[in-house]
Asker: 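Sharing a structure with you now.
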Amino acid sequence: MRVVTLLPSATEIVAALGAEADLVGVSHSCDYPTTVTDLPSVTSTSLPTDVASTIIDAAVRAELNAGASLYQLDVPLLASLRPDVIVSQRLCDVCAVATGDVVKALAELPTQPMLVDLSPMRLQDIFTDIHAVGRAIGREEEAAALSSSMEQRLLSVAVRTETVAASMRPSVGFLEWLDPPFSGGHWNPELIELAGGRSVLGQAGEASRTLTWEDVAAADPHVLFVAVCGYDEHRAQADVDALATTEPWASLQAVRAGRVYVANGDAYFARPGPRVIDGLEFLARTLHPTVHADTALA
């Protein structure tokens with residue numbers, strides 16, 4: 001079996017199913033497990049990555065408004081890899097190669113590999129996608145075992161959270177970008193609720209959306225989680241530090257109370273794969289450390 005993955009979450013799923021050795025190509029963003037960085041990258045992007053967040057946001061919006069693709073697919077390289085299965089996505093044109101570009105590329109290949117398109121909007125969709133990838137690469141039993149393990153960890157958190165009174169569940173803001181602020185949507189509001197919080201900026205099953213700081217101030221959550229898409233916690237912390245004396249950031253009750261928590265967005269929240277359960281456990285331990293005292297930390 002020869003597998004090419006066009007987004008990091010797909011790579012993580014394939015590896016978690018014990019099929020890392022079947023990978024022959026990945027996207028330029030794939031970095032976990034770290035060994036996959038040695039594989040050929042079949043995608044690339046001209047978007048800047050080492051500049052201020054506001055510049056990245058402006059570049060993304062300009063490209064999308066112009067109808068341009070944010071990512072390029074190396075079709076000759078893809079053809080040379082002779083994949084049996086390609087795992088792509090239909091969720092977000094900002095996250096990875098657009099579906100239309102993948103379909104166009106398939107038409108140019110000498111053989112026709114199976115295309116598995118992932119489009120998770122909620123937690124249950126992530127489990128569905130794990131099974132879909134398992135079927136496509138001949139790892140159905142491994143997919144069932146992985147899903148079962150993840151579900152048991154999720155259930156363990158949920159059962160503990162049930163002991164937390166409604167009055168003790170703080171309002172939680174989840175931001176996946178800071179300049180401008182973006183709410184974290186899709187599965188992240190579900191993670192917050194399972195962990196014992198009340199999501200006030202994003203809605204489960206809905207796409208992330210651009211906010212204003214006035215929107216954040218109006219919600220004024222008790223707790224803020226910052227998990228920037230595309231950044232680890234160190235890069236995200238730099239953006240948080242840049243906001244330190246600005247308004248209305250400095251007046252938010254979460255900021256004044258010291259309840260702003262920065263996490264690795266790429267590892268635990270932005271990628272719909274096995275490590276979202278690590279993200280759930282991180283949220284639970286942070287929101288209710290006594291209740292979730294022995295819950296594994298991400």
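Given the structure is predicted, the values throughout are model-derived calculations rather than measurements. Worth knowing before you read on, the calculation uses all heavy atoms, side chains too, and leaves out hydrogens, waters and symmetry mates.
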Asker: Any side-chain heavy atom of P248 sitting closer than 4.5 Å to one from V216?
Answerer: no
Asker: Out of curiosity, L39 CG to T11 OG1, how far, rounded to the nearest 0.5 Å?
Answerer: 8.5 Å
Asker: Applying ring pair (Phe, Tyr, Trp, His ring centres under 6.0 Å), which residue pairs with at least one partner in residues 136-160 are found, sequence neighbours left out?
Answerer: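 Of all non-adjacent pairs touching residues 136-160, none passes ring pair (Phe, Tyr, Trp, His ring centres under 6.0 Å).
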Asker: Give, for atom CG of D278 and atom CZ of R153, the distance between the pair rounded to the nearest 0.5 Å.
Answerer: 4.5 Å
Asker: Would you mind listing every ring pair (Phe, Tyr, Trp, His ring centres under 6.0 Å) that reaches into residues 3-40, with sequence neighbours excluded?
Answerer: H28-Y71
Asker: For V133, run the side-chain contact (heavy atoms from CB on, under 4.5 Å) check against V85, V14, T5 and tell me which one passes.
Answerer: V14
Asker: Decide yes or no for R139 and D22: does some side-chain heavy atom of the first lie under 4.5 Å from some side-chain heavy atom of the second?
Answerer: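 Contact flag for R139/D22 side chains = yes.
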Asker: Ignoring hydrogens, what is the shortest heavy-atom contact between C229 and A270? Give both atom names and the distance.
Answerer: SG-CB, 3.9 Å
Asker: Taking D220 for the side chain and Q253 for the main chain, is one N or O donor matched with an acceptor at less than 3.5 Å?
Answerer: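 Confirmed, D220 side chain pairs with Q253 backbone.
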Asker: Which residues satisfy the side-chain contact (heavy atoms from CB on, under 4.5 Å) test with T212, sequence neighbours excluded?
Answerer: E214, D215
Asker: Among residues at least two apart in sequence or on other chains, which ones pass salt bridge (charged side-chain N to carboxylate O under 4.0 Å, His left out) with D125?
Answerer: none
Asker: What do you reckon, is CD of E141 surrounded by more than 12 foreign heavy atoms closer than 6.0 Å?
Answerer: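 At most 12 heavy atoms, drawn from other residues, nucleotides or ligands, come within 6.0 Å of this atom.
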Asker: Checking D232 now: which residues fulfil salt bridge (charged side-chain N to carboxylate O under 4.0 Å, His left out) with it, not counting sequence neighbours?
Answerer: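 Once residues adjacent in sequence are excluded, D232 has no partner under the salt bridge (charged side-chain N to carboxylate O under 4.0 Å, His left out) criterion.
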Asker: Answer yes or no: is there a donor N or O on one side and an acceptor on the other, between the side chain of S80 and the main chain of L77, under 3.5 Å?
Answerer: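 Yes; judged by distance alone, with no hydrogens or angles, the pair exists.
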Asker: Could you list the residues that satisfy side-chain contact (heavy atoms from CB on, under 4.5 Å) with V200, not counting sequence neighbours?
Answerer: S171, A219, P221
Asker: Test of understanding: with ring-ring contact (aromatic ring centres under 6.0 Å, His included), list the residues that count as partners of Y261, not counting sequence neighbours.
Answerer: F225
Asker: For D38, enumerate each residue passing the side-chain hydrogen bond (donor to acceptor under 3.5 Å, both in side chains) test, keeping only those at least two apart in sequence or located in another chain.
Answerer: none
Asker: Scan for ring pair (Phe, Tyr, Trp, His ring centres under 6.0 Å) pairs involving residues 123-176, sequence neighbours excluded, and state none if there are none.
Answerer: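 For residues 123-176: F174-F269.
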Asker: Tell me which one of L6, L23, V36 satisfies side-chain contact (heavy atoms from CB on, under 4.5 Å) with C30.
Answerer: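 Exactly one pass, corresponding to V36.
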Asker: Using the side-chain contact (heavy atoms from CB on, under 4.5 Å) rule, pick out the option among L155, I130, L123, L280 that qualifies with M150.
Answerer: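 With M150 as partner, side-chain contact (heavy atoms from CB on, under 4.5 Å) holds for just one option, I130.
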Asker: If you take all heavy atoms of L211 and R209, which pair is closest and at what distance?
Answerer: CD2-NH1, 3.3 Å
Asker: Taking side-chain contact (heavy atoms from CB on, under 4.5 Å) as the test, write out the residues that go with E108, two or more places apart.
Answerer: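 Once residues adjacent in sequence are excluded, the partners of E108 under the side-chain contact (heavy atoms from CB on, under 4.5 Å) criterion are V75, K104.
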Asker: Test of understanding: with salt bridge (charged side-chain N to carboxylate O under 4.0 Å, His left out), list the residues that count as partners of E12, not counting sequence neighbours.
Answerer: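 R271, R275.
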Asker: For a 4.5 angstrom cut-off between non-hydrogen side-chain atoms, does V291 reach T161?
Answerer: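 Side chain of V291 against side chain of T161, heavy atoms only: no contact under 4.5 Å found.
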Asker: What residue pairs, at least two apart or across chains, pass salt bridge (charged side-chain N to carboxylate O under 4.0 Å, His left out) with a residue in residues 182-200?
Answerer: R122-E190
Asker: Rounded to the nearest 0.5 Å, what separates atom CG in L7 from atom OG in S29?
Answerer: 9.0 Å
